[in-house]
Amino acid sequence: MVATRARLTVLSGPSGVGKGTVVAEVRRRHPEVWVSVSVTTRRPRPGEVDGEHYHFLDAEAFDHLVATDGLLEWAEYAGNRYGTPRAPVDEQLALGLPALLEIEMQGARQVRATAPDAQLVFLAPPSFEELASRLTGRGSEPAEVIERRLAIARAEMAAVGDYDVVVVNDDLARAADELVLLLTAPPAG
Ligand SMILES: Nc1nc2c(ncn2[C@@H]2O[C@H](COP(=O)(O)OP(=O)(O)O)[C@@H](O)[C@H]2O)c(=O)[nH]1
Ligand SMILES: Nc1ncnc2c1ncn2[C@@H]1O[C@H](COP(=O)(O)OP(=O)(O)O)[C@@H](O)[C@H]1O
């Protein structure tokens, strides 16, 4: 295995643990870090910009991407579909540069199956109570959606053993630093 080969890193973890916040902090400190922009059938939240946070697609356009093998992975999550456009990731890795995906667990499993060298990072909350309080505190979803996401989160927390590395998101700056180190660390083995 060539130690300098650029690698694919997947950041996953329960909704509300702070994935978006940690990735934003990484980009603030290290603007050169490349992060994949996913496609989704979810509606934009206030302040979300098409092409920046997500590419917002209708169901038909999403189906087309799936049918033409345009997605590296995709999954349905809490009633919406999300996927990683394949070409930009391939281009980044072909240039010898690291690529970061922020995706949920079913997608992480697909990446593991198709790209065994990928590094799977689990972002964990300091506690389940703290996770519930962050998700509620964000105030972006109705109570019923939060309940659904917490139920998913319980299952996700139990699968932590499937991941290569665990980063605990207690202190934001420390978690972001840890992720940056992992992005540039040579693959083990
Ligand atoms: N499998 C997969 N999951 C994704 C992708 N993009 C985002 N997600 C995940 O979809 C879930 C819901 O995302 P979102 O609706 O933005 O909610 P939030 O993470 O709670 O802010 C999160 O766990 C994301 O990490 C993707 O391309 N593929
Ligand atoms: N290290 C942290 N300490 C305290 N609060 C945090 C931390 N990281 C994220 N949060 C807060 O938790 C909530 C959920 O974060 P978010 O990034 O939207 O999660 P995710 O993308 O995993 O769903 C937000 O209100 C965010 O400000």
Side-chain angles (χ1 to χ4, degrees), residues 7-30 33-40 42 45 48 52-54 71-84 89 98-141 145-185 187-188:
R7 77 186 328 196
L8 180 58
T9 299
V10 174
L11 181 71
S12 202
S15 180
V17 72
K19 297 181 297 297
T21 306
V22 169
V23 170
E25 182 66 10
V26 164
R27 300 198 72 174
R28 196 177 69 77
R29 293 162 166 244
H30 300 274
V33 170
W34 187 86
V35 184
S36 164
V37 179
S38 296
V39 291
T40 184
R42 166 165 84 59
R45 294 179 187 143
E48 283 186 330
E52 195 178 305
H53 298 92
Y54 284 105
L71 299 180
L72 178 64
E73 60 72 37
W74 70 271
E76 186 162 335
Y77 178 95
N80 294 297
R81 288 186 290 165
Y82 299 81
T84 303
V89 174
L100 175 61
L101 312 185
E102 187 234 287
I103 62 178
E104 53 65 68
M105 218 174 84
Q106 304 168 67
R109 287 217 180 95
Q110 290 172 45
V111 173
R112 162 116 310 155
T114 55
D117 286 349
Q119 164 174 243
L120 266 52
V121 179
F122 188 89
L123 191 67
S127 66
F128 197 83
E129 291 67 34
E130 173 65 16
L131 176 68
S133 115
R134 282 184 194 175
L135 201 49
T136 312
R138 190 172 63 186
S140 55
E141 289 92 11
V145 174
I146 289 177
E147 279 311 312
R148 202 154 21 129
R149 287 183 176 212
L150 281 174
I152 297 169
R154 266 180 226 280
E156 284 180 330
M157 297 281 279
V160 62
D162 296 347
Y163 289 73
D164 299 309
V165 192
V166 177
V167 170
V168 178
N169 183 21
D170 41 13
D171 179 72
L172 178 61
R174 208 217 69 258
D177 279 348
E178 240 180 274
L179 183 57
V180 169
L181 279 178
L182 289 168
L183 283 175
T184 50

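- Counting heavy atoms from C-beta on, the side chains of Val26 and Val35 never come closer than 4.5 Å.
- Counting only distance, with no hydrogens or angles, the side chain of Glu130 and the backbone of Ser127 share no donor-acceptor pair below 3.5 Å.
- At least one side-chain heavy atom of Arg154 sits less than 4.5 Å from a side-chain heavy atom of Phe128.
- Side chains of Val165 and Gln119 form a contact here, defined as non-hydrogen atoms less than 4.5 Å apart.
- In this structure, Arg112 contributes its side chain and Ala118 its backbone to a donor-acceptor pair below 3.5 Å.
- Side chain of Gln110 to backbone of Leu72: no donor-acceptor contact under 3.5 angstrom is found.
- Side-chain atoms of Val180 and Arg29, non-hydrogen and from C-beta on, never get closer than 4.5 Å to each other.
- Between Tyr82 and Glu104, the closest side-chain pair of non-hydrogen atoms is not below 4.5 Å.
- The shortest heavy-atom contact between Glu73 and Gly107 is OE1-CA, 3.1 Å.
- Distance check: Leu100 CG to Arg7 CZ gives 12.0 Å after rounding to the nearest 0.5 Å.
- The backbone N or O of Val17 sits less than 3.5 Å from a side-chain atom of Asn169, completing a donor-acceptor pair.
- Closest non-hydrogen pair, Ala115 versus Leu8, comes out as CB-CD2, 4.4 Å.
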(request) Would you please test Leu101 and Thr9 for side chain to side chain contact (heavy atoms under 4.5 Å, CB included) and show each step? (result) CA-CA 6 Å; Leu101 312 185; Thr9 299; over 6 Å; no
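- A donor-acceptor contact shorter than 3.5 Å is absent between the side chain of Arg149 and the backbone of Pro14.
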(message) Test side chain to side chain contact (heavy atoms under 4.5 Å, CB included) on Val167 and Leu179; report intermediate values, then the result.
(response) CA-CA 8 Å; Val167 170; Leu179 183 57; 5.5 Å; no
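- Looking at Val111 and Thr84, their side chains never come closer than 4.5 Å, going by heavy atoms from C-beta outward.
- Nearest heavy-atom pair, Ala153 versus Leu131, reported as atom, atom and distance to 0.1 Å: CB-CD2, 3.7 Å.
- Across Ile103 and Ala108, no two heavy atoms sit closer than the pair CD1-N, 3.5 Å.
- Across every non-hydrogen atom of Val160 and Phe122, the tightest pair is CG2-CD2, 3.6 Å.
- In this structure a side-chain-to-backbone donor-acceptor pair under 3.5 Å is missing from Lys19 to Leu11.
- Here the closest heavy-atom approach between residue Ala132 and residue Thr136 is recorded as O-OG1, 2.7 Å.
- Taking a cutoff of 4.0 Å between a charged side-chain nitrogen and a carboxylate oxygen, Asp162 and Arg109 qualify as a salt bridge.
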(request) Could you go through the side chain to side chain contact (heavy atoms under 4.5 Å, CB included) check for Asp164 and Leu182 one step at a time? (result) CA-CA 11 Å; Asp164 299 309; Leu182 289 168; over 6 Å; no
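- In this structure, Tyr163 and Met105 have side chains that are in contact, with non-hydrogen atoms separated by less than 4.5 Å.
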